[in-house]
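See structure below.
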Amino acid sequence: MAREVQITFDAADPASLAAFWAETLDYELQGPPGDFDSWDAALDAMGVPPERRNDASAVVDPRGAGPRLFFQRVPEGKQAKNRVHLDVRAAPGLTGDERMAALEAEAERLVARGATRLARHEPAPPLGAGHLVLADPEGNEFCLD
């Protein structure tokens, strides 16, 4: 039996980074627990003070297929290149110029949301379909492919 996974991001601003990734992946912010109608109501009931309410955030796939992404506040900034990164499938089934045009369009949308464009890798058949490397608003690298 396969195990479920959660992908965890260290972050300076968990709420903002969660919002970026929710939009990038067509995910949604995870709703509050139990019968609470808002996170503020849940956090009030838990006794979490206002200054700690951005210590964590999470986004989930509304279809239930993809992993949960969890964002936790840490005091230090990003130190080095990621050893693990997400590949965002932004051009499934496309090849060549059509693929690269779709990737460029998605990159423009994400740059407008705070991403940084880092590199473009041209198609190199038979194995290299071409991809773009970006960084999220806190510098975590990811690929559009």
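Note that the numbering runs from 1 along the sequence shown for the chain.
For the salt bridge (charged side-chain N to carboxylate O under 4.0 Å, His left out) test, no residue two or more places apart in sequence or in another chain qualifies with Asp10.
A distance of 12.0 Å separates CG of Leu134 from CG of Asn140, quoted to the nearest 0.5 Å. Between Phe36 atom CZ and Leu43 atom CG the span is 9.0 Å, to the nearest 0.5 Å. Remark: Met100 CE to His131 NE2 distance equals 8.5 Å, nearest 0.5 Å. Between Trp39 atom CH2 and Leu29 atom CG the span is 10.0 Å, to the nearest 0.5 Å. Note that the CD atom of Glu122 and the CG atom of Leu132 stand 8.5 Å from one another [nearest 0.5 Å].
The backbone N or O of Glu141 sits less than 3.5 Å from a side-chain atom of Asn82, completing a donor-acceptor pair. Between the side chain of Lys81 and the backbone N or O of Arg83, no donor-acceptor pair lies under 3.5 Å. Not a single donor-acceptor pair under 3.5 Å links the side chain of Glu28 to the backbone N or O of Pro62. A side-chain donor-acceptor contact under 3.5 Å links Asn54 to the backbone of Ala15. Side chain of Glu138 to backbone of Lys78: no donor-acceptor contact under 3.5 angstrom is found. Remark: side-chain polar atoms of Arg73 are not paired, donor with acceptor, to backbone N or O of Pro14 under 3.5 angstrom.
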Is there a side chain to side chain contact (heavy atoms under 4.5 Å, CB included) between Val59 and Arg68? Walk through the geometry before answering. CA-CA 6 Å; Val59 298; Arg68 178 180 189 250; over 6 Å; no

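Phe70 forms part of no hydrophobic cluster, judged by ILVMFWY side-chain heavy-atom separations under 4.5 Å.
Atom CZ of Arg113 is surrounded by more than 12 heavy atoms from other residues, nucleotides or ligands within 6.0 Å. For Asp87, the CG atom is densely surrounded, since the number of other residues' heavy atoms within 6.0 Å is greater than 12. Shown here is Glu98, whose CD atom has no more than 12 heavy atoms of other residues, nucleotides or ligands within 6.0 Å.
A 4.5 Å side-chain heavy-atom check between Phe9 and Ser57 finds every atom pair outside the cut-off. Between Asp145 and Arg89 the shortest side-chain heavy-atom distance falls below 4.5 Å.
In plain terms, the two heavy atoms of Ala102 and Ala91 that are nearest each other are CB-CB, 4.1 Å. When every heavy atom of His85 is checked against every heavy atom of Cys143, the shortest pair comes out as NE2-SG, 3.6 Å. Shown here for Glu106 and Ala90, the closest heavy-atom pair between the two residues is CG-CB, 4.0 Å. Scanning both residues, Asp136 and Trp21, for their nearest heavy atoms gives OD2-NE1, 3.0 Å. Between Ala65 and Asp61 the shortest heavy-atom distance is N-OD2, 3.3 Å.
There is no path of hydrophobic side-chain contacts, each under 4.5 Å, that joins Val60 to Leu17. Val111 and Leu25 fall within the same hydrophobic cluster, where Ile, Leu, Val, Met, Phe, Trp and Tyr residues are linked whenever their side-chain heavy atoms come under 4.5 Å apart, directly or through other members. Cluster membership check: Ile7 shares its hydrophobic cluster with Phe71, using side-chain heavy-atom separations under 4.5 Å among Ile, Leu, Val, Met, Phe, Trp and Tyr. In the hydrophobic clustering of this structure, Leu94 does not group with Leu144; members are Ile, Leu, Val, Met, Phe, Trp, Tyr whose side-chain heavy atoms approach within less than 4.5 Å, directly or through other members.
Salt-bridge check for Arg117 with Glu104: passed, with a basic side-chain N closer than 4.0 Å to an acidic carboxylate O.
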